[in-house]
Amino acid sequence: MSFPLLTATAAVPAIGAIVTAAVPAARRTAAKWIALAFSLATLVLAAIALARFEPGGDRYQLTESHAWIPDFGVRYELGVDGIGVSLMALTALLIPFVILAGWHDADPVETKSSRWRPTQGFFALILMVEAMVILSFEATDVFLFYILFEAMLIPVYFLIGGFGDRAHAGGDEAGATQRSYAAVKFLLYNLAGGLIMLAAVIGLFVQAGTFSLTEIAAARADGTLDMSTGMERWLFLGFFFAFAIKAPLWPVHTWLPNAMGEATAPVAVLITAVVDKVGTFAMLRFCLQLFPEASKWATPVVLVLALISIVYGALLAVGQRDIKRLIAYASISHFGFIIMGIFAMTSQGQSGATLYMINHGISTAALLLVAGFLISRRGSRLISDYGGVQKVAPVLAGTFLIGGLATLSLPGLAPFVSEFLVLVGTFSRYPVIGIIATIGIVLAALYVLVLYQRTMTGPVNESVRHMPDLKLRELAVVTPLIALLLFLGVYPKPLTDIVNPAVEHTMSDVHKTDPKPEVEAAP
């Protein structure tokens with residue numbers, strides 16, 4: 001029996017969460033180092049899985065299958081394709097940086113709303129989220145995926161509500177109220193989507209007699225599972241609605257600005273760069289593979305919703321006064337690009353969407369974490385409370401600029417490649433949608449550069465005159481992320497080689513081929 005590598009990749013952070021939570025209250029520093037050690041061990045296992053994955057091999061590799069609840073046809077089935085293994089590696093990569101960046105975020109302070117917060121619990125919850133997200137990228141049993149899809153909400157809820165951002169203009173009491181509101185809104189939105197998805201999961205089982213993704217897909221392909229058009233569309237809508245909330249897609253996006261604004265910067269990275277990717281990943285793995293005809297039926301509406309997300313999110317980002325809420329609305333715009341690439345039904349669009357998931361995770365992590373370092377120094381999230389930071393903290397300002405330029409997809413940085421592929425793939429089949437979507441690029445340049453100008457340039461604001469520059473721990477967080485943005489910006493081939501075969505399988509599932517370019521005959 002081969003070593004269960006995928007199980008181990010998820011089990012290590014889960015065990016780390018238990019060990020970290022069990023550390024005595026007086027040993028807070030030890031709990032931090034234990035959490036970091038388990039996250040690094042997870043990264044090593046994810047790197048091994050990535051190295052063992054063969055892009056030209058079987059669709060799902062490193063597979064595991066064991067009986068779990070045999071009376072209900074539920075199995076513990078795992079397997080990764082090129083998309084799943086890439087996102088699993090992204091998750092494992094980001095968590096050590098999240099832990100390092102949040103090293104002091106859960107330290108006890110003498111305030112009424114945060115005195116109870118255990119440092120150990122903060123890091124244990126982060127590791128638990130990591131375990132569930134990694135396992136969701138590996139699950140090939142629909143019921144197992146659903147359990148993980150819902151269970152990951154609980155630790156995130158406590159991370160927002162119990163360990164939220166202390167930099168609140170209304171004071172500690174107002175901040176506690178806003179954190180509770182954001183946490184409850186996050187939970188209710190996602191639970192509502194999950195309940196509708198549960199009905200669809202049950203309906204799928206009634207139709208197929210199994211929860212196995214591979215068995216259902218094979219039955220759909222050979223015609224032994226003949227699902228009516230109406231039933232397929234209803235099941236698709238049940239799955240897609242839950243994934244659209246998690247992504248998030250307009251108009252079910254409103255929980256994200258609250259959650260990211262009230263969470264600490266590392267937890268905000270955990271939400272938008274890690275947890276939200278489960279929604280867009282699931283659209284590729286489940287919606288397109290299980291319901292190909294319904295996916296094509298819904299494509300025009302989904303593309304319009306994605307286009308609204310792109311423009312609407314970017315417009316609201318331009319008008320924000322809060323740094324983290326600006327980044328949240330920018331992420332809504334970026335998720336619109338990802339979903340547009342998925343439903344463009346072209347290989348370029350879907351490859352770009354997958355790369356966008358990865359590159360957005362890295363670029364948003366870089367920008368948000370530097371923003372978090374900035375906010376922790378000043379104690380305010382308001383853009384107006386800053387100015388002239390580049391004169392007193394040039395390294396902080398420089399890294400903030402690179403993160404911002406990556407967010408607007410500057411050529412030479414990783415997100416440019418993915419955004420370019422998404423637009424090319426969309427334009428080749430839906431030129432009007434592709435043209436309108438470019439408005440998001442223009443607006444991205446506006447909100448990023450205006451943010452940098454108002455916070456980093458101009459006269460030095462008196463409140464930041466003595467602001468310290470980045471410290472060694474903070475540099476250890478930011479430097480590798482910037483290096484990755486530069487490397488993948490000029491050489492994305494290692495990622496495309498892994499992702500493209502999986503995209504080919506997805507295109508085959510929906511029976512789509514790339515449109516041929518129209519070339520006029522020579523006179």
Side-chain angles (χ1 to χ4, degrees), residues 90 93-94 96-98 100-102 260-261 263-274 276-277 313-314 317-318 320 322-335 337 355-378 381 383 386 389-390 393-419 440-441 443-457 467 469-471 473-490:
L90 171 70
L93 172 71
L94 291 180
F97 299 125
V98 167
L100 275 174
M260 286 183 62
T264 62
V267 173
V269 170
L270 190 69
I271 293 169
T272 191
V274 176
D276 288 355
K277 297 302 188 299
V318 171
Q320 289 304 303
D322 183 306
I323 295 174
K324 287 201 293 183
R325 288 179 70 90
L326 184 152
I327 299 173
Y329 280 110
S331 290
I332 291 170
S333 182
H334 295 149
F335 276 105
F337 276 108
L355 292 179
Y356 216 132
M357 289 186 238
I358 299 165
N359 294 331
H360 171 265
I362 300 170
S363 62
T364 300
L367 181 60
L368 254 178
L369 293 179
V370 177
F373 298 149
L374 179 70
I375 292 167
S376 65
R377 285 159 163 75
R378 173 63 179 82
R381 306 197 308 251
I383 297 172
Y386 297 88
V389 173
Q390 68 179 12
V395 177
L396 189 154
T399 53
F400 189 83
L401 178 61
I402 295 174
L405 293 177
T407 298
L408 64 82
S409 299
L410 184 77
L413 296 174
F416 169 76
V417 179
S418 39
E419 194 165 281
I441 301 175
L443 293 174
L446 180 61
Y447 62 69
V448 168
L449 295 178
V450 168
L451 172 64
Y452 183 82
Q453 179 190 35
R454 292 178 178 175
T455 56
M456 302 295 168
T457 66
M467 178 178 289
D469 214 334
L470 293 183
K471 301 175 183 177
R473 172 180 60 85
E474 296 165 334
L475 284 171
V477 170
V478 177
T479 303
L481 295 175
I482 291 177
L484 269 175
L485 290 173
L486 292 169
F487 175 76
L488 295 176
V490 298

List the atom of [X], the atom of [Y], and the distance in Å for their closest heavy-atom pair.
{"X": "Gln320", "Y": "Ile383", "value": "O-CD1, 3.5 Å"}
{"X": "Ala314", "Y": "Tyr447", "value": "O-CD2, 3.7 Å"}
{"X": "Arg473", "Y": "Leu100", "value": "NH1-O, 2.7 Å"}
{"X": "Pro415", "Y": "Leu485", "value": "CD-CD2, 4.1 Å"}
{"X": "Glu474", "Y": "Asp469", "value": "OE1-O, 4.2 Å"}
{"X": "Leu475", "Y": "Pro480", "value": "O-CD, 4.0 Å"}

Nearest 0.5 Å, please: how far is [atom2] in [Y] from [atom1] in [X]?
{"X": "Leu368", "Y": "Leu270", "atom1": "CG", "atom2": "CG", "result": "11.5 Å"}
{"X": "Leu90", "Y": "Leu484", "atom1": "CG", "atom2": "CG", "result": "9.5 Å"}
{"X": "Met260", "Y": "Asp322", "atom1": "CE", "atom2": "CG", "result": "10.0 Å"}
{"X": "Leu470", "Y": "Thr399", "atom1": "CG", "atom2": "OG1", "result": "4.5 Å"}
{"X": "Met357", "Y": "Lys277", "atom1": "CE", "atom2": "NZ", "result": "8.5 Å"}
{"X": "Ile441", "Y": "Ser333", "atom1": "CD1", "atom2": "OG", "result": "9.5 Å"}

Query - Residue pair Met456, Leu401: steps toward the side chain to side chain contact (heavy atoms under 4.5 Å, CB included) verdict - result: CA-CA 9 Å; Met456 302 295 168; Leu401 178 61; over 6 Å; no
Quick check: do [X] and [Y] have side-chain heavy atoms less than 4.5 Å from each other?
{"X": "Phe97", "Y": "Leu481", "answer": "yes"}
{"X": "Leu369", "Y": "Pro266", "answer": "yes"}
{"X": "Val477", "Y": "Phe373", "answer": "yes"}

Requested in this report: Applying side-chain hydrogen bond (donor to acceptor under 3.5 Å, both in side chains), run through Glu419 and Tyr356 and close with a yes or a no.
Outcome: CA-CA 7 Å; Glu419 194 165 281; Tyr356 216 132; 2.6 Å; yes
**Report entry** side chain to side chain contact (heavy atoms under 4.5 Å, CB included) assessment of Val269 paired with Val274
**Finding:** CA-CA 7 Å; Val269 170; Val274 176; 5.6 Å; no
Main-chain N/O of [Y] paired with [X] side-chain donor or acceptor, under 3.5 Å:
{"X": "Thr479", "Y": "Ala476", "value": "no"}
{"X": "Arg381", "Y": "Ile375", "value": "no"}
{"X": "Thr272", "Y": "Ala268", "value": "no"}
{"X": "His334", "Y": "Thr364", "value": "no"}
{"X": "Arg378", "Y": "Tyr386", "value": "no"}

Query raised in the report: Are Leu451 and Thr455 close enough, and set up right, to give a side chain to side chain contact (heavy atoms under 4.5 Å, CB included), and what steps lead you there?
Result: CA-CA 6 Å; Leu451 172 64; Thr455 56; 4.0 Å; yes
Query raised in the report: Do you know which of Leu405, Leu367, Val478, Val389 makes side chain to side chain contact (heavy atoms under 4.5 Å, CB included) with Phe400?
Result: Leu367
Query raised in the report: Looking at Phe335 versus His360, is the centre-to-centre ring distance below 6.0 Å?
Result: yes
Report task. Using the side chain to side chain contact (heavy atoms under 4.5 Å, CB included) rule, take Leu488 and Asn359 through it: C-alpha gap first, then chi angles, then the decisive distance, then the call. Result -> CA-CA 8 Å; Leu488 295 176; Asn359 294 331; 3.9 Å; yes
